[in-house]
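Any value given below was found using the heavy atoms of this structure, including those in side chains, with hydrogens, waters and symmetry copies removed.
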Amino acid sequence: MSDSDPDDYMSSKFLTEPPPEPSHSLTYAERRRRKQLLNKSYNKPRRELENDYREQALAKRIDTEENESPGLKLLKKMGYEQGKGLGNSGRTEPIKFELKQDKLGLGMATEIKHKAQAELAKVAKRAKFEEDSFRERVRQENLEKRVEGQLRKLQNICETLDTKHGIEDNIYWQHEETADNEIKNNNNDEILFEEQVVEDDEGEKVQFQKERQEFEDLKPSEKLDRIFRYLRETYYYCFWCGCEYGSAEEIDQECPGYEEEDHD
């Protein structure tokens, strides 16, 4: 095939030769920069010239014979050898430095770094506080649920023991929502009841409703403690032991203690 013939696109030539570099692989700034470097009349900016001169000077060794200076001759007379440091543990390479590029004062970068670290420490401390607060809130909610469950059990036990001993009602029992609303309504009319003359049965009912309302206003832990003491002193029953003793002397001797921790 002669040179004038068109290329055979089915040949292996196009499979072995690498594809040309696409023109869009370089950005406009890169293409402009390359064009400037190829142009002999292009003058580098002052910053680039300073950087080039600096790199050339740092790469040039001053302890070679080509660059021998009076100072190097004086060092050789004092025992300096090429490629070795001064003294037993002297440096063989120059101290590296970092060129300051910003316009901040000396030490300002360190100050900014310290402020940033302090801010990060505050953020971490705040996150830790929020995490601890969440854990404490969850722990408190679980504790309240546990106390409410124990309270319901104690109220059922109290009702069972009271009924067994012929007691018809007690402020420590569980009451229906309608009864609770009636107690609250009657409690709101407390002044009115005090001004009226009621019979003995009505007076006892009002007094019971007042005590019931006072009991309902207590915290669950306080309710639990009152019912626990009532069962222990009245029926010699220990909730933590789960049994009823025969007498006060027996419960004092057999029961480990009043608190739950005493029964571990």
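- Listed by chain and number, the residues in a side chain to side chain contact (heavy atoms under 4.5 Å, CB included) with Leu72 are Asp63, Glu68, Ser69, Lys76, Tyr80 (sequence neighbours excluded).
- Within the structure, side chain to side chain donor-acceptor pair (under 3.5 Å) contacts touching residues 119-130 (residues at least two apart or in different chains) are Lys128-Asp132.
- Listed by chain and number, the residues in a side chain to side chain contact (heavy atoms under 4.5 Å, CB included) with Asp225 are Arg229, Tyr258 (sequence neighbours excluded).
- Contact annotation: the side chain of Lys223 never approaches that of Gln155 to less than 4.5 Å [non-hydrogen atoms, C-beta and beyond].
- When all heavy atoms are compared, the tightest approach of Arg232 to Gly257 is NH1-O, 3.9 Å.
- For Asp252, there are no side chain to side chain contact (heavy atoms under 4.5 Å, CB included) partners two or more places apart in sequence or in a different chain.
- In this structure a side-chain-to-backbone donor-acceptor pair under 3.5 Å is present from Glu250 to Gly246.
- Remark: Glu50 pairs with Arg46 by the salt bridge (Lys or Arg N to Asp or Glu O under 4.0 Å) rule, at least two apart or across chains.
- Taking a 6.0 Å sphere around CZ of Arg54, one finds it holds more than 12 heavy atoms contributed by other residues, nucleotides or ligands.
- For residues 146-168, the set of pairs meeting the salt bridge (charged side-chain N to carboxylate O under 4.0 Å, His left out) definition, not counting sequence neighbours, comprises Arg146-Glu260.
- Leu49 pairs by the side chain to side chain contact (heavy atoms under 4.5 Å, CB included) definition with Lys44, Tyr53, not counting sequence neighbours.
- Counting only residues at least two apart or on different chains, the ring-ring contact (aromatic ring centres under 6.0 Å, His included) pairs with a member in residues 121-173 are His165-Tyr235, Tyr172-Phe215, Tyr172-Tyr230.
- Not a single salt bridge (Lys or Arg N to Asp or Glu O under 4.0 Å) links Glu111 to another residue, sequence neighbours left out.
- No side-chain donor-acceptor contact under 3.5 Å links Asp52 and Gln56.
- Minimum interatomic distance between His263 and Glu259 (heavy atoms only, all atoms of both residues): ND1-O, 3.0 Å.
- The other residues sharing a hydrophobic cluster with Leu74 are Met78, where clustering joins ILVMFWY side chains under 4.5 Å apart.
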Distance-only donor-acceptor pairs under 3.5 Å for side chains of residues 138-145, two or more places apart:
from   : atom 1 : to     : atom 2 : distance (Å)
Arg139 : NE     : Glu136 : OE1    : 3.3
Arg139 : NH2    : Glu136 : OE2    : 2.8
Asn142 : ND2    : Val138 : O      : 3.2

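- You'll find the side chain of Phe208 reaches within 4.5 Å of the side chain of Ile171, heavy atoms only.
- Legend: residues meeting salt bridge (Lys or Arg N to Asp or Glu O under 4.0 Å) with Arg135, ordered by chain and number and at least two apart, are Glu131.
- Contact of the Glu254 side chain with the Tyr245 side chain is registered, since non-hydrogen atoms from C-beta on lie closer than 4.5 Å.
- One finds the CD1 atom of Ile251 at 8.0 Å from the SG atom of Cys243 (value rounded to the nearest 0.5 Å).
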